[in-house]
Amino acid sequence: MCNNYFLRTNYKNIEMNLFDIKDKVVLITGGGGVLGGEIAQYLLKNKAFVVILGHRESTVNTAIESFKKISNKVSGYVCNALDETSLKEVSDTIISKHGKIDVLINAAGGNMPGATIGVDQTIFDVNINDFKKVVDLNLFGSILPALVFGKEMAKNKKGVIINVSSMTAQSAITRVVGYSASKAAIDNFTKWLSVELALKYGEGLRVNAIAPGFFIGNQNRDLLIDKETGKYTARGETIINKTPMKRFGETNELNGTIHYLCSEASKFVTGVVMPIDGGFSAFSGV
């Protein structure tokens with residue numbers, strides 16, 4: 001009898017697809033951007049409901065129009081990730097429409113020239129106002145959505161929050177001081193919130209982060225590729241030399257980890273920051 005029970009239970013487990021994310025309601029802040037948009041398209045192809053959140057109406061509308069070519073399970077709202085009132089209004093609308101929030105992906109973020117130290121500058125030349133803006137965008141632009149949408153998850157005692165960290169959080173990457181500081185804070189907040197939610201609301205609430213390595217995008221292109229020659233800059237070469245895979249990443253290479261963290265396959269995983277970096281964080285350079 002015990003053996004039969006064991007066989008029935010394990011047969012059911014084998015049949016269940018742990019990676020199934022069909023009909024999960026996934027919110028993506030910055031969903032109209034390069035990173036958020038890539039993730040949105042992937043999740044739509046895997047039959048999730050995707051809600052794009054962005055602060056520019058034109059960006060949100062353009063994204064929705066494009067993504068509807070993949071699936072009609074996409075919607076979007078204009079809101080400010082740094083405005084609690086704006087987030088609460090959108091949260092109420094989403095709950096009214098879908099009845100739940102399964103996943104929040106905090107993909108909104110970025111950097112500013114004033115918070116980046118130029119080649120001929122020192123830390124004392126940093127624009128402190130731009131530094132503050134970068135910290136606000138990357139840190140509080142994740143904290144506020146996590147608190148507003150996470151509150152709805154807590155009501156159901158189930159939900160996933162995925163933050164976006166960076167290799168700049170784990171070690172001192174020169175020049176990008178504001179970005180580094182804000183992403184290091186994201187690592188700590190991810191761990192802290194994972195503990196807080198699990199202890200007070202149960203095992204159904206999970207908080208994790210991904211830490212992308214170096215991907216060439218609009219914000220860092222000039223730092224990594226020389227405009228005139230099209231070759232890597234000295235900084236680009238340094239990064240490649242420190243990356244065992246000897247290349248920059250492709251944005252679609254984040255999708256597998258995102259899928260895993262959204263799904264039941266990771267239901268005992270919380271409080272981790274997962275590197276997706278071609279071995280950058282593992283390599284000492286020697």
Are the side chain of [X] and the backbone of [Y] linked by a donor-acceptor contact shorter than 3.5 Å?
{"X": "D125", "Y": "T122", "result": "yes"}
{"X": "S263", "Y": "Y260", "result": "yes"}
{"X": "E253", "Y": "E250", "result": "yes"}
{"X": "T243", "Y": "G278", "result": "no"}
{"X": "S180", "Y": "V176", "result": "yes"}
{"X": "N127", "Y": "G114", "result": "no"}
{"X": "N17", "Y": "F19", "result": "yes"}
{"X": "S281", "Y": "D277", "result": "no"}

State, with a plain yes or no, whether a side-chain heavy atom of [X] is found less than 4.5 Å away from one of [Y].
{"X": "V90", "Y": "L87", "answer": "no"}
{"X": "N163", "Y": "F189", "answer": "yes"}
{"X": "S75", "Y": "I52", "answer": "no"}
{"X": "N255", "Y": "I39", "answer": "yes"}
{"X": "V160", "Y": "M153", "answer": "no"}

How about [atom1] on [X], more than 12 heavy atoms from neighbouring residues, nucleotides or ligands closer than 6.0 Å, or not?
{"X": "E196", "atom1": "CD", "result": "yes"}
{"X": "K246", "atom1": "NZ", "result": "yes"}
{"X": "K100", "atom1": "NZ", "result": "yes"}
{"X": "E84", "atom1": "CD", "result": "no"}

> N156 and E152: side chain to side chain contact (heavy atoms under 4.5 Å, CB included), yes or no, with the steps?
Replying inline: CA-CA 7 Å; N156 295 326; E152 293 299 328; 6.0 Å; no
Tell me yes or no: between the side chains of [X] and [Y], is some donor less than 3.5 Å from an acceptor?
{"X": "S86", "Y": "N80", "result": "no"}
{"X": "N208", "Y": "S194", "result": "no"}
{"X": "R206", "Y": "S266", "result": "yes"}

> Ion pair present between K132 and D130, side-chain N to carboxylate O less than 4.0 angstrom?
Replying inline: no
>> Whether K73 and D23 form a salt bridge (side-chain N of Lys/Arg under 4.0 Å from carboxylate O of Asp/Glu) is what I want to check.
In response: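 Between K73 and D23 there is a salt bridge, with a charged N closer than 4.0 Å to a carboxylate O.
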>> Taking ring-ring contact (aromatic ring centres under 6.0 Å, His included) as the cut-off, I'd like each qualifying pair that reaches into residues 39-65, sequence neighbours left out, listed once.
In response: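 Checked against ring-ring contact (aromatic ring centres under 6.0 Å, His included) - neighbours excluded - the pairs reaching residues 39-65 are Y42-H259, F49-H98.
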> Which residue pairs pass the ring-ring contact (aromatic ring centres under 6.0 Å, His included) test when at least one of the two sits in residues 104-124, sequence neighbours left out?
Replying inline: none
>> For a side chain to side chain contact (heavy atoms under 4.5 Å, CB included) check, start with the C-alpha distance between V78 and R56, then their side-chain angles and the critical distance, and finish with the verdict.
In response: CA-CA 6 Å; V78 177; R56 288 194 184 95; over 6 Å; no
>> Applying ring pair (Phe, Tyr, Trp, His ring centres under 6.0 Å), can you list everything that pairs with F280, at least two apart in sequence or on another chain?
In response: F214
>> Which residue in the set V60, T85, L53, T93 passes side chain to side chain contact (heavy atoms under 4.5 Å, CB included) when paired with C79?
In response: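 The residue from V60, T85, L53, T93 that satisfies side chain to side chain contact (heavy atoms under 4.5 Å, CB included) with C79 turns out to be L53.
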>> Side-chain heavy atoms nearer than 4.5 Å, only ILVMFWY residues, links allowed to pass through others: does that put I186 and L104 together?
In response: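 Cluster IDs for I186 and L104 match.
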> Would a hydrophobic clustering, with Ile, Leu, Val, Met, Phe, Trp and Tyr connected at side-chain separations under 4.5 Å, put V164 with L254?
Replying inline: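 Yes, it is one cluster - the side chains of V164 and L254 are joined through contacts under 4.5 Å.
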Name each donor-acceptor pair under 3.5 Å that joins a side chain in residues 232-239 to protein atoms two or more places apart or in another chain, with its distance.
unit_1 : atom_1 : unit_2 : atom_2 : d
T233   : OG1    : L223   : O      : 2.6
T233   : OG1    : L224   : O      : 3.4
T233   : OG1    : R235   : N      : 3.4
T233   : OG1    : G236   : N      : 3.1
R235   : NH1    : T174   : O      : 3.2
R235   : NH1    : T174   : OG1    : 3.0
R235   : NH2    : T174   : O      : 2.7
T238   : OG1    : A234   : O      : 2.9

>> Strictly by salt bridge (charged side-chain N to carboxylate O under 4.0 Å, His left out), give each pair with a member in residues 107-117 just once, sequence neighbours left out.
In response: none
>> Tell me the closest heavy-atom pair linking C262 and I21, and the distance in Å.
In response: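 Heavy atoms of C262 and I21 come nearest at CB-CG2, 4.2 Å.
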Side-chain donor-acceptor contacts of residues 137-149 below 3.5 Å, not counting sequence neighbours, with atom names and distances?
unit_1 : atom_1 : unit_2 : atom_2 : d
N138   : OD1    : G110   : N      : 2.9
N138   : ND2    : G110   : O      : 2.7
N138   : ND2    : V134   : O      : 3.0
N138   : ND2    : S182   : OG     : 3.4
S142   : OG     : N138   : O      : 3.3

